[in-house]
Amino acid sequence: MGFLPVLLLCFCAVATQEIHLDKDIPAIHVPINHNASVKCCFSGGGEVNVSWAVYKVHNRTSSYTNLNNKALKNSSNGIVCHNHALNWVQLNDTGLYLCNLLRKGEELKTHGTYLHVYRPIEKFLPISESAKNNILTMEGVLLLLSVLIPGICQLAKTQNNLDRKRVKEEENLYEGLNLDECNSTYHQIQRSQRQGPYQDVGCLIDEDIQLEKP
């Protein structure tokens with residue numbers, strides 16, 4: 001057996017023992033009192049011992065705690081994944097969860113996944129979406145009426161003022177007229193229309209006739 005095949009075998013053995021980390025999920029957000037799961041995946045390395053730890057920061061103090069090994073292992077296409085389950089999470093479970101890979105005295109840490117446990121905002125009134133839509137529709141109608149009603153009232157007020165002004169102008173127009181003079185003038189016009197433009201000379205016997213001198 002030559003030197004080159006032995007070198008290739010050694011190189012392949014070292015390559016198969018090298019650990020390749022898969023991408024971690026940067027962060028997950030879980031409501032309080034729900035279940036959560038963080039995982040780390042890698043390939044190669046042969047026999048690898050996996051443990052979990054969590055890094056927490058609370059009130060400006062940090063802590064690093066090793067967790068019990070209750071992770072579930074599954075593999076597919078040469079990629080091994082370890083899932084660490086957390087049941088009924090609380091606010092103090094918030095932290096950065098790291099995966100520690102130990103092989104032949106060498107330790108490798110993953111980048112980790114940040115678990116954010118939050119308390120959902122409680123609704124003041126448990127209203128369905130359809131009820132919300134109806135309320136919004138009613139608010140829109142009330143807003144429209146609040147705009148239209150003052151405008152209509154203002155228009156009616158303006159029209160009323162114009163009518164009063166016109167009536168007052170008409171009263172001022174007829175205030176200076178003498179009704180007796182108007183009636184006499186009206187009767188004269190009516191009489192002249194009944195007599196016509198030409199009068200019979202015989203009808204003017206009893207009337208004083210003044211002839212214009214040439």
Side-chain angles (χ1 to χ4, degrees), residues 1-140:
M1 190 172 183
F3 175 75
L4 183 59
V6 174
L7 183 61
L8 291 175
L9 289 175
C10 293
F11 178 78
C12 292
V14 173
T16 54
Q17 293 180 355
E18 184 178 359
I19 298 176
H20 299 280
L21 297 176
D22 199 6
K23 294 181 180 180
D24 291 334
I25 300 175
I28 56 176
H29 306 274
V30 181
I32 193 172
N33 297 331
H34 283 67
N35 298 330
S37 177
V38 291
K39 69 177 182 178
C40 68
C41 299
F42 60 91
S43 60
E47 290 294 330
V48 179
N49 294 325
V50 179
S51 62
W52 284 88
V54 59
Y55 179 79
K56 297 181 180 180
V57 177
H58 181 67
N59 292 334
R60 299 183 180 180
T61 59
S62 60
S63 62
Y64 184 83
T65 307
N66 292 317
L67 302 175
N68 296 328
N69 191 9
K70 54 180 179 180
L72 300 177
K73 177 182 177 182
N74 58 70
S75 60
S76 176
N77 298 327
I79 298 177
V80 181
C81 293
H82 288 256
N83 296 291
H84 181 73
L86 297 96
N87 299 325
W88 206 254
V89 293
Q90 301 299 315
L91 296 177
N92 57 4
D93 291 324
T94 298
L96 180 64
Y97 288 78
L98 306 171
C99 191
N100 299 324
L101 308 178
L102 182 63
R103 185 199 62 182
K104 295 181 181 180
E106 298 180 0
E107 185 177 4
L108 181 64
K109 295 181 181 295
T110 60
H111 298 288
T113 299
Y114 183 77
L115 173 64
H116 176 219
V117 181
Y118 65 95
R119 189 185 302 275
I121 300 176
E122 297 180 358
K123 296 181 179 180
F124 181 73
L125 292 175
I127 302 176
S128 62
E129 294 297 327
S130 59
K132 290 180 181 178
N133 294 333
N134 293 333
I135 292 174
L136 292 176
T137 303
M138 293 177 62
E139 288 180 352

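Note that the numbering runs from 1 along the sequence shown for the chain.
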Exercise for review: Could you list the residues that satisfy ring-ring contact (aromatic ring centres under 6.0 Å, His included) with His58, not counting sequence neighbours?
Suggested key: none
**Study point:** Interatomic distance, His82 atom NE2 to Thr110 atom OG1 [nearest 0.5 angstrom]
**Key:** 11.0 Å
Closer than 3.5 angstrom, by distance alone: can the side chain of [X] be matched with the main-chain N or O of [Y] as a donor-acceptor pair?
X	Y	result
Asp24	Gly112	yes
Lys109	Leu98	no
Thr94	Val117	yes

Exercise for review: Show the numbers, then the answer: is there a side-chain contact (heavy atoms from CB on, under 4.5 Å) between Thr65 and Lys56?
Suggested key: CA-CA 8 Å; Thr65 307; Lys56 297 181 180 180; over 6 Å; no
Would you be so kind as to tabulate the donor-acceptor pairs closer than 3.5 Å made by side chains of residues 28-40, with sequence neighbours excluded?
| residue | atom | partner | partner atom | Å |
| --- | --- | --- | --- | --- |
| His29 | ND1 | His116 | ND1 | 3.0 |
| Asn33 | OD1 | Trp88 | NE1 | 3.4 |
| Asn33 | OD1 | Gln90 | NE2 | 2.8 |
| His34 | ND1 | Ile32 | O | 3.0 |
| Asn35 | OD1 | Trp88 | N | 3.0 |

Practice item. Go through the structure and list residues passing side chain to side chain contact (heavy atoms under 4.5 Å, CB included) with Ser62, not counting sequence neighbours. Key: Tyr55, Val57
Review point. Does Leu101 have any side chain to side chain contact (heavy atoms under 4.5 Å, CB included) partners at least two apart in sequence or in another chain, and if so, which?
Key: Ile19, Leu21, Phe42, Val48, Val50, Cys99, Leu108
Exercise for review: Flag yes if more than 12 heavy atoms outside Ile25 fall under 6.0 Å of its CD1 atom; otherwise flag no.
Suggested key: no
Exercise for review: May I ask you to test the Asn66-Asn100 pair for a side-chain heavy-atom distance under 4.5 Å?
Suggested key: yes
Point to revise | Test side chain to side chain donor-acceptor pair (under 3.5 Å) applied to Ser63 - qualifying residues, sequence neighbours left out | key: none
Check your understanding: Can you pull the salt bridge (Lys or Arg N to Asp or Glu O under 4.0 Å) pairs that have at least one residue in residues 126-137, sequence neighbours excluded?
Key -> Glu129-Lys132
Kindly give the heavy-atom pair with the smallest separation between [X] and [Y], and that separation in Å.
X	Y	result
Cys41	Ile79	CB-CG2, 3.9 Å
Tyr114	Leu96	N-CD1, 3.7 Å
Leu86	Val89	CB-CG1, 3.7 Å

